[in-house]
Amino acid sequence: MRRRVKKRFRDGAPPVLTVLLFLLVWEAGVRLTGIERWLLPAPSGIAASFADSWELIQRHTWPTLQEAVLGFLLGIGVALLLAVLIQLSAWLRRGIYPLLIGSQTVPIIAVAPLLILWFGYGLLPKVLIVALVTFFPVVVSTVDGLSSADPDMVRLLRSMGAKEWQVFRMVRFPHALPSFFSGMKIAATYGVLGAVIAEWLGASEGLGVFLIRSQNSFAADRVFVAITVITFWSLVLFGLVCLAARWAAPWAYLRKEDSWKGEEKR
Amino acid sequence: MKLEMEALEQSYASPTGERRVIDRVDLKVEEGEFVSLIGPSGCGKSTLFNLVSGLERPLGGRIRKDGSDITGATGHVSYMPQKDCLFPWRTVVENASLAAEVAGKDKKKARERAERLLPVFGLEDFAGEYPARLSGGMRQRAALLRTVMADRDLWLLDEPMGALDALTRERIQDWLLQILSRFPRTVLFITHSVDEAVYLSDRVVVLTPRPARVKGELSITLPRPRTREQMTSEAFLQAKQWLWEKLHEDK
Ligand SMILES: Nc1ncnc2c1ncn2[C@@H]1O[C@H](COP(=O)(O)OP(=O)(O)OP(=O)(O)O)[C@@H](O)[C@H]1O
Ligand SMILES: [Mg+2]
């Protein structure tokens, strides 16, 4: 236990220290050079602005989070479905994969106006845009995981007379879990960002709107506040995915040294 | 006849053309018999097991179990592959109950049975551990337990004790003999140890280098139950001698 705390400290101290140092240098730099507040506010100024606009921020955060989480979940659902289809049929693999890659080369900025034309300015087009940016890394990594299952394990199961769906459930699926979650980690970092970009293209509330308004009124401090909030929630989403991964596939995080129960007794 | 292999043939494609691995192997195994296969590394022993377990279809020949044709059909044998193939996402007990789960049997009962058998394999403290936390020898014992739990009357064991230390090896050998005397099974056993083959078997079959053919076979007439003392007996040493010479013939 004690060792764990120590390890936490050892792993956690460097990033915390570097961030603190960075803020300190920033603060000092702004004060010494006397740079204009609307160009580059000092961290203390940003903090003050954070406190001032607290309620405003909350009002704008909620819709963005909603879009991000819903879009993320939708993206993952679609990704899982596609991954399974691609794994099950070589025909679909050849049919879907190029389309998938293609979908990623189309810039979101170009698709978004279409979605807004079709679905209006509500929640739906934003959720779709987030889904569009998050599903791709999940599909690719899940397909990778599903198809890289140990063929010897598959053979063992077959020798027991297992059916194809049992092989899928007992070997391919659990084997793919860690890759699925790595895809999800990448997707999690895109989620909030995707929602913000979607809001730029047409919305009445959300962090994206808050950003644009801050920019229009030359409130650089508020832009930084928005950046901080976006980063914070992206990290929270990322952390949640990490927790889910540990919960769903604890075995993937085992290392012998961690709790090695000593050499064999006999 | 428990198991009959008739003119089995298998080849694989290789960069230099077709590579023949099994070349007209005929082998009959009686009910309750323990037959060991020995032969040089890479001669095709594991391939033979792949054929019998139905994982691969032979190019030629037939396999019959209890008189019915099982060529290319899976689910008729308890197969222990050379690699332990433990599933990293299953605990020891869950790995052991794999076959029961595949067959759609009661999971809880299977786990209880696995737990009862754990002490025999020296795994009683590791029931809920994931394979990543086991040593090499423990992994192999867990794989052996899984094979036992699969509950078929024909066992194919591919070097089940290859990774065990000498002491555990002897313990598991004796345990295997004891289990077999209580619950007779027909066993096909691959090993590289002539000692082990003689100690355990009713019959030892020597295979040629690739492509595998039956080069010779020897019935081991040592009385059962087998004891460690027999290992120094005249008959035991003679059997060893014969097998050793057969293995190294015309090299
Ligand atoms: N799926 C396959 N495709 C191509 N070649 C194969 C395949 N499986 C086995 N072989 C070849 O068949 C030969 C026999 O392999 P096998 O695994 O049966 O040997 P073995 O007798 O079990 O050897 P060992 O004692 O080292 O385990 C080898 O030369 C191997 O390269
Ligand atoms: Mg082999």
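Chain identifiers are assigned alphabetically (A, B, ...) following the order of the sequence lines, protein sequences preceding nucleic acid strands; residue numbering begins at 1 within each chain. Everything numeric here is computed off the predicted structure, so don't read it as measured data.
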Could you walk me through whether B:Arg146 and A:Met160 satisfy the side chain to side chain contact (heavy atoms under 4.5 Å, CB included) test, starting with their C-alpha distance in whole Å, then the side-chain angles of each, then the deciding distance to 0.1 Å, before giving a yes or no?
CA-CA 11 Å; B:Arg146 181 187 59 204; A:Met160 293 175 173; 4.2 Å; yes
B:Glu56 vs A:Arg158, salt bridge (Lys or Arg N to Asp or Glu O under 4.0 Å): CA-CA, chis, key distance, verdict:
CA-CA 11 Å; B:Glu56 288 173 21; A:Arg158 291 220 174 105; over 6 Å; no
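The number of heavy atoms from other shown groups lying within 6.0 Å of CZ (A:Phe168) is above 12. Atom CZ of A:Phe22 has 12 or fewer neighbouring heavy atoms from other residues, nucleotides or ligands inside a 6.0 Å radius. Shown here is B:Phe87, whose CZ atom has more than 12 heavy atoms of other residues, nucleotides or ligands within 6.0 Å.
For a residue to count as touching a neighbouring chain, one of its non-hydrogen atoms must lie under 4.5 Å from one of that chain's; by this rule A:Asp150 touches chain B with the side chain only. With a 4.5 Å cut-off on non-hydrogen atoms, B:Leu156 does not touch chain A at all. Using a 4.5 Å cut-off between heavy atoms, B:Leu55 touches chain A through its side chain atoms alone. Contacts between A:Ala162 and chain B at a heavy-atom distance below 4.5 Å involve backbone atoms as well as side-chain atoms. With a threshold of 4.5 angstrom between heavy atoms, B:Gln82 does not approach chain A through any atom at all.
Taken from CG in A:Leu157 to CD in B:Glu101, the straight-line distance is 9.5 Å, to the nearest 0.5 Å. Separating the SG atom in B:Cys85 from the CG atom in A:Asp152 is a distance of 4.5 Å, to the nearest 0.5 Å. Considering CZ of A:Arg155 and NZ of B:Lys83, their distance stands at 10.0 Å, rounded to 0.5 Å. Note: A:Ser159 OG to B:Arg152 CZ = 8.5 Å, rounded to the nearest 0.5 Å.
For the pair A:Met170 and B:Val102, the minimum side-chain heavy-atom distance is below 4.5 Å. In this structure the side chain of A:Met153 reaches within 4.5 angstrom of the side chain of B:Pro88, judged on heavy atoms.
A donor-acceptor pair is defined here as one N or O able to donate and one able to accept, closer than 3.5 Å; no such pair exists between the side chain of B:Trp89 and the backbone of A:Leu177.
The most heavy-atom pairs under 4.5 Å with chain A, out of B:Ser53, B:Gly104, B:Ala99, come from B:Ala99.
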